[in-house]
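Just so it is clear, the structure is predicted and the values come from calculations on it, not from any experiment.
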Amino acid sequence: MSVLRVGNASGFYGDRFSAMREMLTGGELDVLTGDYLAELTMLILGRDRLKDPEAGYARTFLRQLEECLGLARERGVRIVANAGGLNPAGLADAVRALADRLGIPVRVAHVEGDDLGAAHPGALAAHAYLGGFGIAACLRAGADVVVTGRVTDAALVTGPAAAHFGWAPTEYDRLAGAVVAGHLLECGAQATGGNYAFFQDGDVRRPGFPLAELHTDGTSVITKHDGTGGFVDVGTVTAQLLYETGGARYAGPDVTARLDTVRLGQEGPDRVRVEGVRGEAPPPTLKVGLNRLGGFRNEVVFVLTGLDIEAKAALVRAQLEPALGKIADVRWELARTDRPDAATEETASALLRLVVRDADQQVVGRALSGAAIELALAGYPGFHVLAPPGKGVPYGVFEDVYVPHGAVDHVAVLHDGRRVTVAPPPAQDTLLLAQVPEPPLPQPLPPGPVRRAPLGLVAGARSGDKGGDANVGVWARTDDAWRWLAHELTADRFRELIPEARDLPVTRHQLPNLRALNFVVEGILGEGVAAQARFDPQAKALGEWLRARHLDIPESLL
């Protein structure tokens with residue numbers, strides 16, 4: 001069958017608004033996807049629904065459709081998005097109302113069954129990560145627009161691929177290829193030079209959004225529309241492939257993709273072929289994301305300028321201690337951004353950040369605000385803050401649990417109202433997850449002179465969050481650099497370079513086909529991004545910090 005061209009127009013709720021139009025007008029497409037959901041987004045939508053039971057979906061998606069629905073219809077492009085969030089049926093109805101108002105005949109379907117709130121009454125949102133076969137059922141029945149709730153990000157691609165090529169649920173290699181393509185598309189411009197370690201290799205001022213040319217055997221080519229910004233090469237694709245992953249087995253509800261089998265090749269300018277992907281039966285359970293309100297938080301950042309920075313910080317802490325005594329969680333961080341003999345006041349200043357969390361909003365609100373502001377004329381010399389503390393805002397806590405496939409009623413609600421149940425895989429068609437044996441190390445480089453230099457001169461990195469854990473994918477750009485990296489950057493060396501990880505479990509996974517190592521750091525993000533407990537709560541820059549650390553690097557690599 002023909003190639004299926006699947007594009008992406010959103011990597012998160014709040015991504016570039018014009019991307020949908022740009023993707024529809026920039027070149028040929030068959031399906032346009034949009035990923036609007038993340039752990040934090042589910043919490044935000046849950047709070048929206050508390051205020052309005054009819055809410056709970058990404059309203060941006062509707063506004064994008066208002067100017068693009070007719071265009072998609074004219075060009076024969078189907079739209080698949082998880083913008084339904086906590087209320088996919090409500091969004092489907094809203095899309096139908098919009099289409100009626102615009103006079104555009106479209107068939108709208110949705111996928112439901114992910115909401116497990118009834119089984120978790122203490123959670124603000126509890127949703128299972130569904131696979132792509134509900135989406136496939138909607139498309140096979142003729143839907144033009146399919147909206148879902150919490151499906152896996154890759155399901156936005158596996159669903160259209162299964163529908164187009166007629167794949168069965170046990171065609172694991174093909175499905176795994178589509179999962180990898182979906183993972184490469186899901187974060188939008190991250191595959192086309194956005195957030196890329198070697199961003200100076202091309203013009204990334206306004207990267208275009210990516211698309212995948214999928215083939216019936218599961219292979220794909222990752223590319224972008226001609227004339228759009230950014231670039232697609234083996235490096236940008238490797239970076240995104242490592243993003244928010246763990247070991248060699250990348251598990252999902254439809255299939256477990258073996259990342260250690262992925263082979264990448266530069267097929268031409270802005271074209272990277274993805275092939276060789278092997279798949280295995282999915283695990284017997286589904287992941288369920290639980291979001292709950294953890295309490296209230298507040299923060300204030302004190303600016304300390306000039307001399308005696310440490311003493312000034314100690315004075316602030318001593319002055320505020322009486323007001324902080326009743327608060328459950330108090331965290332201080334001193335960032336020494338100051339320089340000696342600085343030419344500007346800003347570069348002469350350090351930042352002292354105070355974050356407080358408690359179940360009582362009054363405790364973190366008025367009590368902290370009053371005590372901090374009272375120091376304005378009674379504190380350290382040069383006292384000022386970046387912004388006055390507020391009244392305290394709610395924060396969320398994320399955790400994941402696992403349930404059998406049969407605990408979820410995965411249903412495709414077709415455009416004509418018919419309900420099609422997506423059967424869970426039989427027990428014999430599932431496989432318990434296990435770690436893949438570590439592959440042998442490459443031959444080390446021969447001994448030679450070394451130079452103290454940043455790791456980032458010879459390796460790229462990309463990092464991200466999964467609940468309270470973080471992953472840092474590190475890859476080498478040459479075979480020789482890989483031979484050095486695989487021996488040098490052990491889990492213990494990682495802990496030395498990243499002091500925050502010294503007392504935490506760190507697991508290293510090898511991916512030789514990608515010349516890459518993937519590190520999973522357990523617990524470094526506490527209770528997850530919504531808890532906002534860390535300076536970089538999603539670990540977005542953890543990889544760049546690692547690249548900035550100095551090592552003894554062979555001069556032959558520099």
- Item | Atom pair CG/CD1 of L98 and I104 - distance to nearest 0.5 Å | 7.0 Å
Identify every side-chain donor-acceptor pair in residues 221-230 under 3.5 Å, counting partners at least two apart or on other chains, and give the distances.
| residue | atom | partner | partner atom | Å |
| --- | --- | --- | --- | --- |
| T223 | OG1 | D270 | O | 2.8 |
| K224 | NZ | T228 | O | 2.5 |
| K224 | NZ | T228 | OG1 | 3.3 |
| H225 | NE2 | M23 | O | 2.9 |
| T228 | OG1 | H225 | O | 2.7 |

Contacts under 3.5 angstrom, residues 47-59 side chains, donor-acceptor by atom type, not counting sequence neighbours:
| residue | atom | partner | partner atom | Å |
| --- | --- | --- | --- | --- |
| R49 | NH1 | L86 | O | 3.4 |
| D52 | OD1 | E54 | N | 3.0 |

- Task: Identify, with sequence neighbours excluded, every residue that meets side-chain hydrogen bond (donor to acceptor under 3.5 Å, both in side chains) alongside Y129.
- Result: none
- Item | Distance-only side-chain donor-acceptor flag, N518 / N471, under 3.5 Å | yes
- Task: Could you check if a side-chain atom of R273 sits within less than 4.5 angstrom of a side-chain atom of R263, using non-hydrogen atoms only?
- Result: no
- Answer yes when D153 and R150 have at least one side-chain N-carboxylate O distance shorter than 4.0 Å, and no when they do not. yes
- Task: Could you point out which residue of D115, L37, N291 forms a side-chain contact (heavy atoms from CB on, under 4.5 Å) with H127?
- Result: D115
- Item | Geometric cation-pi criterion R357 and Y395, 6.0 Å radius, 45° cone | yes
- State, yes or no, whether a side-chain contact exists between T158 and I135 at a heavy-atom distance under 4.5 Å. no
- Item | Carboxylate-amine/guanidinium proximity below 4.0 Å for R547 and E544 | yes
- Query: Any salt bridge (Lys or Arg N to Asp or Glu O under 4.0 Å) pairs touching residues 73-90, not counting sequence neighbours?
  - Reply: R73-D144
- If you measure from CG on D15 to CZ on F209, what distance do you get to the nearest 0.5 Å? 4.0 Å
- Message: Tell me the closest heavy-atom pair linking N8 and D35, and the distance in Å.
- Response: ND2-N, 4.3 Å
- Item | Under 3.5 Å: donor-acceptor pair, side chain of T192, backbone of G208 | yes
- Between OG1 of T60 and CZ of R16, what distance do you get to the nearest 0.5 Å? 15.0 Å
Just distance, no hydrogens or angles: give the donor-acceptor pairs under 3.5 Å from side chains in residues 274-286, sequence neighbours left out.
| residue | atom | partner | partner atom | Å |
| --- | --- | --- | --- | --- |
| E280 | OE1 | R249 | NE | 2.7 |
| E280 | OE2 | R249 | NH2 | 3.2 |
| E280 | OE2 | R258 | NH1 | 2.8 |

- Item | Euclidean distance, I44 CD1 relative to L40 CG, rounded to 0.5 Å | 4.0 Å
- Under the ring pair (Phe, Tyr, Trp, His ring centres under 6.0 Å) test, which residues partner F198, sequence neighbours left out? Y196
- Between the main-chain N or O of G142 and the side-chain N or O of R107, is there a donor-acceptor pair closer than 3.5 Å? yes
